[in-house]
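The structure appears below as structure tokens.
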Amino acid sequence: MQKAILFGLAVLLGGAISWAQDYSHSIFWKGKYEVYQFNLGEDKGSVAHHANEWKSDYDLYQNQSGLVRLELTHMNRNRSIEGPLDIQITDYRQGVGWVWDKGSTLAIKGPLRSPSGGKSLGTRQIIGLTCEGKEYEWTTFQQAKVDLQSWSAQETNFKLPLLRVRYVTDSAGVLSALIVEVVTKLEPTTALPESLFEVPAGLQFNLVRSIE
């Protein structure tokens with residue numbers, strides 16, 4: 001299962017357009033972002049494993065101040081009780097993020113998760129940009145282990161990691177979830193409206209320990 005997922009990811013990245021231009025001076029960006037979550041489990045009464053695939057698609061924008069907006073456009077499942085999903089704004093300079101749903105007065109706010117240290121994974125090309133990889137590991141309050149591989153663009157001001165692969169294993173050491181977050185399209189653009197990066201007035205915030 002894991003090999004098949006990563007093979008599909010390699011095909012996706014390999015099919016992306018490679019750029020020959022120098023975008024090191026670009027300050028506004030727009031593109032597409034996709035999140036795949038594979039929840040692994042065992043079928044009742046057997047030892048066979050199965051996976052539920054969740055997929056979410058987003059439009060993404062970044063302004064000259066390093067503010068990133070992700071706006072949900074489609075998901076392949078019904079909404080549940082996981083909290084707001086529609087809009088996420090991340091301020092990478094201040095290290096804080098906000099998430100809310102359109103038309104709602106409730107939102108969440110919290111600091112970005114910032115794993116310290118990390119092991120270098122070297123560099124690789126992702127949609128034409130040279131990215132540096134880092135690998136981080138930590139244990140959650142539920143005693144699950146998280147292994148995160150994150151790849152960020154170098155020599156540009158683009159802040160959102162172009163690729164993040166997260167392996168979650170339970171307290172018994174069994175892989176329980178695989179989450180892949182990937183920028184599938186990215187291009188420089190002219191100035192974007194400041195309203196895209198403003199948190200609406202009147203929202204009531206629930207504070208959380210961290211924003212992923």
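Every value quoted in this text rests on a predicted model; they were computed, and no experiment measured them.
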How long is the gap from [atom1] on [X] to [atom2] on [Y], to the nearest 0.5 Å?
{"X": "Glu53", "Y": "Phe38", "atom1": "CD", "atom2": "CZ", "result": "4.0 Å"}
{"X": "Thr90", "Y": "Lys159", "atom1": "OG1", "atom2": "NZ", "result": "12.5 Å"}
{"X": "Ile87", "Y": "Tyr58", "atom1": "CD1", "atom2": "OH", "result": "10.0 Å"}
{"X": "Leu186", "Y": "Leu129", "atom1": "CG", "atom2": "CG", "result": "6.5 Å"}
{"X": "Ser120", "Y": "Glu135", "atom1": "OG", "atom2": "CD", "result": "10.5 Å"}
{"X": "Lys145", "Y": "Ser171", "atom1": "NZ", "atom2": "OG", "result": "13.0 Å"}

Taking the side chain as every heavy atom from C-beta outward, state whether [X] and [Y] have any atom pair closer than 4.5 Å.
{"X": "Leu178", "Y": "Val165", "answer": "yes"}
{"X": "Leu160", "Y": "Tyr33", "answer": "yes"}
{"X": "Tyr92", "Y": "Gln62", "answer": "no"}
{"X": "Val96", "Y": "Pro111", "answer": "no"}
{"X": "Cys131", "Y": "Leu163", "answer": "no"}
{"X": "Ile211", "Y": "Ile108", "answer": "yes"}
{"X": "Asp86", "Y": "Val99", "answer": "no"}
{"X": "Trp100", "Y": "Ile89", "answer": "yes"}

Within one Ile-Leu-Val-Met-Phe-Trp-Tyr cluster: [X] and [Y], side-chain cutoff 4.5 Å:
{"X": "Ile179", "Y": "Val146", "answer": "no"}
{"X": "Trp98", "Y": "Leu112", "answer": "no"}
{"X": "Trp54", "Y": "Leu70", "answer": "no"}
{"X": "Tyr61", "Y": "Leu72", "answer": "no"}
{"X": "Leu148", "Y": "Val35", "answer": "no"}

**Report entry** Partner set under ring-ring contact (aromatic ring centres under 6.0 Å, His included) for Phe158, not counting sequence neighbours
**Finding:**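 Once residues adjacent in sequence are excluded, the partners of Phe158 under the ring-ring contact (aromatic ring centres under 6.0 Å, His included) criterion are Trp29.
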
Would you tabulate the side-chain donor-acceptor contacts of residues 190-207 under 3.5 Å, counting partners in other chains and residues two or more places apart, or write 'none'?
none

Requested in this report: Flag yes if more than 12 heavy atoms outside Lys109 fall under 6.0 Å of its NZ atom; otherwise flag no.
Outcome: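 It does not: Lys109 NZ has 12 such atoms or fewer within range.
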
Query raised in the report: Is the shortest distance from a Lys or Arg side-chain nitrogen in Glu181 or Arg166 to a carboxylate oxygen in the other one below 4.0 Å?
Result: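 Salt bridge flag = yes for Arg166 with Glu181.
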
Requested in this report: Salt-bridge test for Arg79 and Asp101: reply yes if a basic N is under 4.0 Å from a carboxylate O, no otherwise.
Outcome: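 A salt bridge is present here (some side-chain N lies under 4.0 Å from a carboxylate O).
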
Query - Residue pair Thr130 / Gln125, side-chain donor-acceptor N/O under 3.5 Å - result: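 Per modelled atom types, Thr130 and Gln125 side chains form a pair under 3.5 Å.
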
Requested in this report: Carefully, step by step, assess Glu71 and Lys102 under the rule salt bridge (Lys or Arg N to Asp or Glu O under 4.0 Å).
Outcome: CA-CA 10 Å; Glu71 183 168 348; Lys102 295 177 180 178; 2.8 Å; yes

Query raised in the report: Is it the case that Arg164 places NZ or CZ above or below the six-membered ring of Trp151, under 6.0 angstrom from the centre and within 45 degrees of the axis?
Result: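 No, Arg164 does not sit over the ring of Trp151.
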
Requested in this report: With side-chain contact (heavy atoms from CB on, under 4.5 Å) as the test, would you mind laying out the steps for Lys119 and Tyr136 before giving the verdict?
Outcome: CA-CA 7 Å; Lys119 179 178 68 176; Tyr136 307 92; over 6 Å; no

Query - Main-chain N/O of Leu67 paired with Ser65 side-chain donor or acceptor, under 3.5 Å - result: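 No, Ser65 side chain to Leu67 backbone: no donor-acceptor pair under 3.5 Å.
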
**Report entry** Reference residue Asp59; test side chain to side chain donor-acceptor pair (under 3.5 Å); the match among Arg69, Lys32, Lys185
**Finding:**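 It is Lys32; the other options fail the test.
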
